[in-house]
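See below for the structure under consideration.
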Amino acid sequence: MNWLATLNESQLEAVIHPNGPLFVVAGAGTGKTRTLTAKIAYLIMQGVEPKRILAVTFTNKAAREMKQRVIDMTGPHAMDVWLYTFHAFGLQILRRHIQELPYGYKPSFTVIDEDDGKKIVSDVIKSLGLDTKMFSVKSLKNLISLFKSNRMEEFERSEEEKIYKGYQTYLRENQLLDFDDLLIYTLELLEEYPRIKLKYQTGFDHVLVDEFQDTDVIQYKILKVLGEVHKNLFVVGDPDQSIYGFRGANYNNSKYFLKDFNAEEIILDKNYRSTNFILKAANKLIAKNFNRPSQKNLESDLGIGTPIVYHTAQSDYQETFYVINEINRLIMQGYTYNDVAILYRNNALSRLFEDAMIKEGIPYIIYGGISFYERKEVKDALAYIRVINDCNQDFYFKRVVNVPKRSIGLKSIQVLEEKAGQLGVSMFEAIDYVDLRPQAKSALLDFKKMIISLKEDFDEMEDLYQIMPVLMSKTGYTQMLKDENTEQAEYRIDNLKELQSVFTRGDVYYEGFFYEKLNQQLDQIALYSDLDQDVTEDNHVKLATYHQVKGLEFKAVFMVVLEEGIFPGDRALMSTYELEEERRVAYVGITRAKERLYMTHAERRMVYGQIKIGYPSRFIKESRLDMPEPKYKPTYDYESHLLKTGDHVDHQVFGKGVVVSIEGEVATIAFAMPHGIKQILESHPSIKKIKKQ
DNA sequence: TCTCCATGAGTTTTT
DNA sequence: CTCATGGAGA
């Protein structure tokens, strides 16, 4: 156990802490993962059976890495540790017990992703005959999610509730579960079914949780049930890095945990990542948050380091220019492109910087975008496989029946779906009975024949790698892409080849007959959003949002577009709660940097095609170490006003209003109730002047 | 069934 | 500005 010697005092204290509830508050870069894996290894060394340990994480990547580390530390029997994401843990439980719930689910249910969910919502809206303009699919899917996970009491509009019910019915009738269901049904089984509850309460002796600050209400309840009997909950997290509130992460869970379990608390604040200029800035910034349990100040042994560099650019373009220049200077000083990250608040801001990178020939990658398993061609291929695997999967049937084009239009599909509904069979089965024009009917019959033929091929197969070639040629999918003869199509073919290698790897990883392997592989894919390609090898600057780099670190970090209205965003200005979350996002940003940190903003920026004046983000001032006000000299003319008394304006949040007076840069504007009179910077990006009628 | 234009919306997203 | 969507028309 020589790895125990590598831990610092607080880490060691946490690791050898006797049984009972413990909250390890692990600040950024303080060895959170190291402590958690050491704890698991320690438990195993103490004689706890690996299969009686449950550790949950938020990402597959974290789960996989942690498992590997524990195996490295204690040997291969650590394979038996239950180390899963919350969702994967739920999936395990539900594959075993879902038939006990009164919703008609069979253990062979399918997990759909966010995109599929939206499609279903959209179909439901249409089938209810509602005006599609009145209901945004995106926000409805969100509302449904809020409602399902008890984060919203009731729907505001009766139609919304109808859509929710339609969605839920569709899922149940088609044996589909969305991501929320994986957690909700798991909780229901654990809370309402004493036998199951007892099984899992006593099946584990220890429950460990990573990134606890990101747990939502349902996840916390699951942990609560699991830990109720033995109370051996080892929870690691950093409330200051809670930046997923919008997705349901409940900031108060840390308070609840300390109270509900009367847990002890150990704080890790010795940082191993950054120099102290950076840490001081981070400490100073986060201290501005009022709602802040478990306060801590980060400090490291890495010296004071280089001061943070602030830069005010005259325009958005010049800001990118400055960043490029500084990157070039860093390179001359011996940094590699790999050491550098450009971080911003939202994805749209990547564009400017991407353009600049291309122009200057600096290698870069942009995080985010559509991930591998969300790509159209990959989803199509998987949908085919699901239909072949089980012909009654109407949802996936609909997706592929006319891809490539087989002249089976929307109308034909609708008629078929109705027929299937009348007969109470799947669309696939209903093909024989449906009344359609001969062309459409024979196209459907041909499709059916093709699927049956593919099914026969599958039955003959022994390994997953055999799937793709047959599938792609029989369905005509590859041919369709080849005929397109575009770069885009080439790229899609490459992605399908990559899917092929996913299956090849699956052959090594999974055991059993073809269909057993296939089902395991499909489950895996359902919970994985992306391939874990190791991108750290290549040498390029990383462009990413703050959210995307949580948990990562870079020698040099550029926090760009630090402007009021963008970061913090307009929406966050009204509530302390949201503003504090924005501040935590900034805190995450600062703490990514190991040696160099730049904070930049521009005075003028194109926003939606219009030039707007930008003010430096309050986070600059709030984190700045020199006490006096930042030497910010605006270069625009104070006297030329953008607005004048009597102007009508439209504010993104407060709606329409009239300018009552102007003093300096501040306009007093009267908005309709309940907002009333507000004083706002006249050039604030959320204000738009509207022409008088 | 496909293509073209008008229209509107426009944070963050581990699963 | 730029992307997605939906309706009209070929």
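These numbers were taken from a predicted model, which means no experiment stands behind them. Below, chain A is the first sequence line, B the second, and so on; all start at residue 1.
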Where the side chain of [X] is concerned, which of [options] is the nearest nucleotide?
X: A:T85; options: B:dC2, B:dT12, B:dT15; value: B:dT15
X: A:N347; options: B:dT11, B:dT13, B:dT15; value: B:dT13
X: A:Y244; options: B:dT15, B:dT13, B:dC2; value: B:dT13
X: A:R571; options: B:dT11, B:dT12, B:dT14; value: B:dT11
X: A:R247; options: B:dC2, B:dT12, B:dT15; value: B:dT15
X: A:N346; options: B:dT11, B:dT14, B:dT15; value: B:dT11
X: A:Y608; options: C:dC1, B:dT13, B:dC2; value: C:dC1
X: A:E582; options: C:dC3, B:dT11, B:dT15; value: B:dT11

Categorize A:L352 for me: base, sugar-phosphate, or nothing, with a 4.0 angstrom heavy-atom threshold over every strand shown. nothing

Determine the contact category for A:E578: base if any of its heavy atoms lies under 4.0 Å from a base atom, sugar-phosphate if only primed atoms, P, OP1 or OP2 are that close, otherwise nothing. base

Less than 4.0 Å between a side-chain N and a carboxylate O, is that true for [Y] and [X]?
X: A:D355; Y: A:R351; result: no
X: A:E581; Y: A:R584; result: yes
X: A:K379; Y: A:D116; result: yes

Check whether any side-chain N or O of A:R351 sits under 4.0 Å from OP1 or OP2 of C:dC3, and answer yes or no. yes

Taking 4.0 Å as the cut-off, does a side-chain nitrogen or oxygen of A:Q610 come that near to OP1 or OP2 on C:dC1? no

From CD1 of A:I184 across to C1' of B:dT15 the rounded distance in Å is 13 Å

Candidates A:Y367, A:F246, A:Y344 - the one meeting ring pair (Phe, Tyr, Trp, His ring centres under 6.0 Å) with A:H547: A:F246

If we ignore hydrogens and angles and just use 3.5 Å, is the side chain of A:Y615 paired with the main-chain N or O of A:E603 as donor and acceptor? no

Is there a donor and acceptor pair closer than 3.5 Å between the side chain of A:R345 and the base of B:dT11? no

Would you say A:F246 stacks on B:dT12, if stacking means ring centres under 5.5 Å apart and planes within less than 30 degrees? yes

